[in-house]
Structure formats: structure tokens, C-alpha cells
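Numbered from 1 within each chain, the chains take letters A, B, ... in sequence-line order.
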Number of protein chains: 2
Amino acid sequence: MVVSHPLARLLTDGVLPAQCPSRAVLDHVTSKWGVLVLVALSEGSLRWGELRRVVDGISEKMLAQTLRVLVADGFVARDARPTIPPRVDYALTERGRELTARLLPLMDWITANAEAIVSERARS
Amino acid sequence: MVVSHPLARLLTDGVLPAQCPSRAVLDHVTSKWGVLVLVALSEGSLRWGELRRVVDGISEKMLAQTLRVLVADGFVARDARPTIPPRVDYALTERGRELTARLLPLMDWITANAEAIVSERARS
DNA sequence: CAGTATCCATAGGGATACTG
DNA sequence: CAGTATCCCTATGGATACTG
């Protein structure tokens, strides 16, 4: 059986060997806050304070940490204006848009089905 | 401006309010091992021992815990045959296949781009 | 084979206070 | 406004040993 799918080798090689780069990137993208920040930025750039409010429940520490990783991975661009008071905008890069294009369908499905999943879960 | 996207309300309402069910399901799906187990099962059912080998680096404890959550959420079906030695198969449910259909494009993109992302990261 | 039980370490992450 | 710095706690998760 020949499978053309890029992940077809998973059954023989294992799912993303622990040391390969994909694991690191995957961990960043699927980190607790990474997904939410990416989704938040998917409709346009946001300032630090806006991100804090939009991503409900995130602490300053986690926002800073998450943004640093996403910027380092090239998903998010940081635009700091040296004004007083300071103004910093965060926006998706082209790479970030490619990523969220694949992330949003997943998020849509989850939000659409979460209620059914959770209520059904309570029954069991 | 009218946005038809299901997530369009994010900017006004925040990204998935902390207490909503979506957050819980999202955490399960994007948990460190959840994604990898789902991807591993995306090409067919696997036994416990096969999963352990295929999902590189997972401990027995985490495999058990991850499977319990995925089964409870209805993404994975557990089929235990009362034979000696015991044989237990895990497979995606219909809901699980709906989910992985959205997960695989994301994983493909990540595996395809991870190397570039990580090497570029080292430069900075 | 397919798990459970137990112990233990560490890092994820919250709260608060402070700064350019 | 946009962050650091610090303290501190608990949940995540690894290693090992055991069981039906």
C-alpha cells in the first residue's frame, strides 16, 4: 500500500521523533497560550494591552513569554514605536498567516463541537 | 465591517473565555501528547504497545492518561478483548476522524516548515 | 500484554511589585 | 503603556515497581 500523505511514514518511523525540530515548533504552536494568541492576532494587529484583555486569563508573564517564542519562530512581528507613552503592536507575519490558516479550521471545529463533547462527557 | 467567520467575535468577546467548554477541549487536543496520539491513530487502529513505540518518548503514565481523556471526549474508541494475553485496540471514532481531518493539515505544515523555522531561529 | 500505583523532581505558571 | 523581576506553589510528567 502506497500512501502519498506526508505523514504516511509515521507508522514506521514513529510520530515525530522526540528530537526532531517539528516537536519544538509543535510545542510552541500548541502551547497553552500560543494557540490563543495566534488566533487573537488572526484578524489584525493588536497592542500588548489589547492582547492581555482579549486573551482571557493570560498573565503578563505568560503573555511576554509566549510572544517572545512566537516572535523568535517568525510567526509574529513586534513593532515598537519609541513614543511616550510607548506603543507596541504585534501582528502575524506571512508565515504566521500560513500557520493560522491551518489553525483556524481546527479552532472553528472545536468551538462548534465543544459543548456537545463536554455535556456528553458528564453523562458517562 | 461584517465578518462572517465563526471566530469573528473574538476581538470583542475575547479569545475563548476562560470558563467556556472550548478551552477544556482545546487543552485536551493540544496537550503535549494528545496531538501525537491522535495523529498516530489517524492511519488506523493501534494496540497499547504499538502506541507506546510509535509515540516516541511517551511514558506509560502519560499514554494512559492521554488515552483516558481522548476516550472520554469521544475521539478515541477503546476495544478490549478478554483474551489471554489481553489485547486492546484503540481507534479514532467518527468524531475523532473529523478532528484529525483538521489536525493533519496543520501537522503537515509544521513538519514541512519546522527545519526552516528552527535554523532561522538559531541565527537570531 | 496492558495497564495501575507510588514516589519524586522540575518547570509551568499565577500574584505581586517594580521600572523605563 | 509595556513590559521585568521575584517569589512561590501546584500540576505535569518521568522512573520504577507491581498486577490481572
- Neighbour count above 12 (heavy atom, 6.0 Å) for B:E98 CD: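 Yes, enclosed.
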- Query: For B:R68 and C:dT4, is the shortest distance between a side-chain N/O and OP1 or OP2 below 4.0 Å?
  - Reply: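 Yes, such a contact exists.
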- Look at A:R78 and D:dG3 and indicate whether a side-chain polar atom (N or O) is within less than 4.0 Å of OP1 or OP2.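 Yes, A:R78 has a side-chain N/O under 4.0 Å of OP1/OP2 on D:dG3.
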Can you figure out which of [options] approaches the side chain of [X] most closely?
{"X": "A:A64", "options": "C:dT4, C:dC1, D:dT4", "value": "D:dT4"}
{"X": "A:P85", "options": "C:dG14, D:dC1, D:dT4", "value": "D:dC1"}
{"X": "B:E60", "options": "C:dG3, D:dT6, C:dC7", "value": "C:dG3"}
{"X": "B:V88", "options": "C:dG3, D:dG13, C:dC1", "value": "C:dG3"}
{"X": "B:W48", "options": "D:dG3, C:dG20, C:dA2", "value": "C:dA2"}
{"X": "A:S59", "options": "C:dG3, C:dA17, C:dG14", "value": "C:dG14"}

Measure the distance from [atom1] on [X] to [atom2] on [N] and round it to the nearest whole Å.
{"X": "A:Y90", "N": "D:dA2", "atom1": "OH", "atom2": "P", "result": "9 Å"}
{"X": "A:I84", "N": "C:dT19", "atom1": "CD1", "atom2": "P", "result": "18 Å"}
{"X": "B:D27", "N": "D:dT12", "atom1": "CG", "atom2": "P", "result": "9 Å"}
{"X": "A:D79", "N": "D:dG3", "atom1": "CG", "atom2": "P", "result": "11 Å"}
{"X": "B:D89", "N": "C:dC1", "atom1": "CG", "atom2": "P", "result": "14 Å"}
{"X": "B:I58", "N": "C:dA2", "atom1": "CD1", "atom2": "P", "result": "15 Å"}
{"X": "A:M62", "N": "C:dT16", "atom1": "CE", "atom2": "C1'", "result": "15 Å"}
{"X": "B:R87", "N": "D:dG20", "atom1": "CZ", "atom2": "P", "result": "23 Å"}

- Query: Given that both distances must come in under 3.5 Å, which nucleotide forms a Watson-Crick or G-U wobble pair with C:dC1?
  - Reply: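 Its partner is D:dG20.
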- Pair partner, C:dG14 [Watson-Crick or wobble, under 3.5 Å]: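 Pairing partner, where one exists within any strand: D:dC7.
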- Query: Taking C-beta and beyond as the side chain, do B:W48 and B:L63 meet within less than 4.5 Å on heavy atoms?
  - Reply: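 Counting from C-beta outward, B:W48 and B:L63 do come under 4.5 Å.
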- Item | The single option from A:E50, A:R78, A:R47 passing side-chain hydrogen bond (donor to acceptor under 3.5 Å, both in side chains) against A:Y90 |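 The side-chain hydrogen bond (donor to acceptor under 3.5 Å, both in side chains) with A:Y90 is passed solely by A:R78 among A:E50, A:R78, A:R47.
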- Using a cut-off of 4.0 Å on non-hydrogen atoms, how would the nucleic acid contact of B:R47 be classed: base, sugar-phosphate, or nothing?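 Sugar-phosphate: the residue B:R47, judged by heavy atoms under 4.0 Å, touches backbone atoms but no base.
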- Message: Taking any heavy-atom pair under 4.0 Å as a contact, classify A:R81: base, sugar-phosphate, or nothing.
- Response: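 It contacts nothing in the nucleic acid.
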- Query: Between atom CG of A:N113 and atom CZ of B:F75, what is the distance when rounded to the nearest 0.5 Å?
  - Reply: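 Rounded to the nearest 0.5 Å, the CG-CZ separation comes to 7.5 Å.
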- Item | Reported CE-to-CH2 distance for the pair B:M62 and B:W33, which is rounded to 0.5 angstrom |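 B:M62 CE to B:W33 CH2: 9.5 Å, rounded to 0.5 Å.
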- Message: Closest-nucleotide mapping onto DNA chain D: is B:W33 or A:E50 further toward the 5' terminus? I mean the 5' end.
- Response: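 Closest to the 5' end, via its nearest nucleotide, is A:E50.
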- Contact nearer the 5' end of DNA chain C, comparing A:K61 with A:P86: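 So the residue in question is A:K61.
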- Message: Closer than 3.5 angstrom, by distance alone: can the side chain of B:R23 be matched with the main-chain N or O of B:L16 as a donor-acceptor pair?
- Response: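 Judged by distance alone, yes, a pair lies under 3.5 Å.
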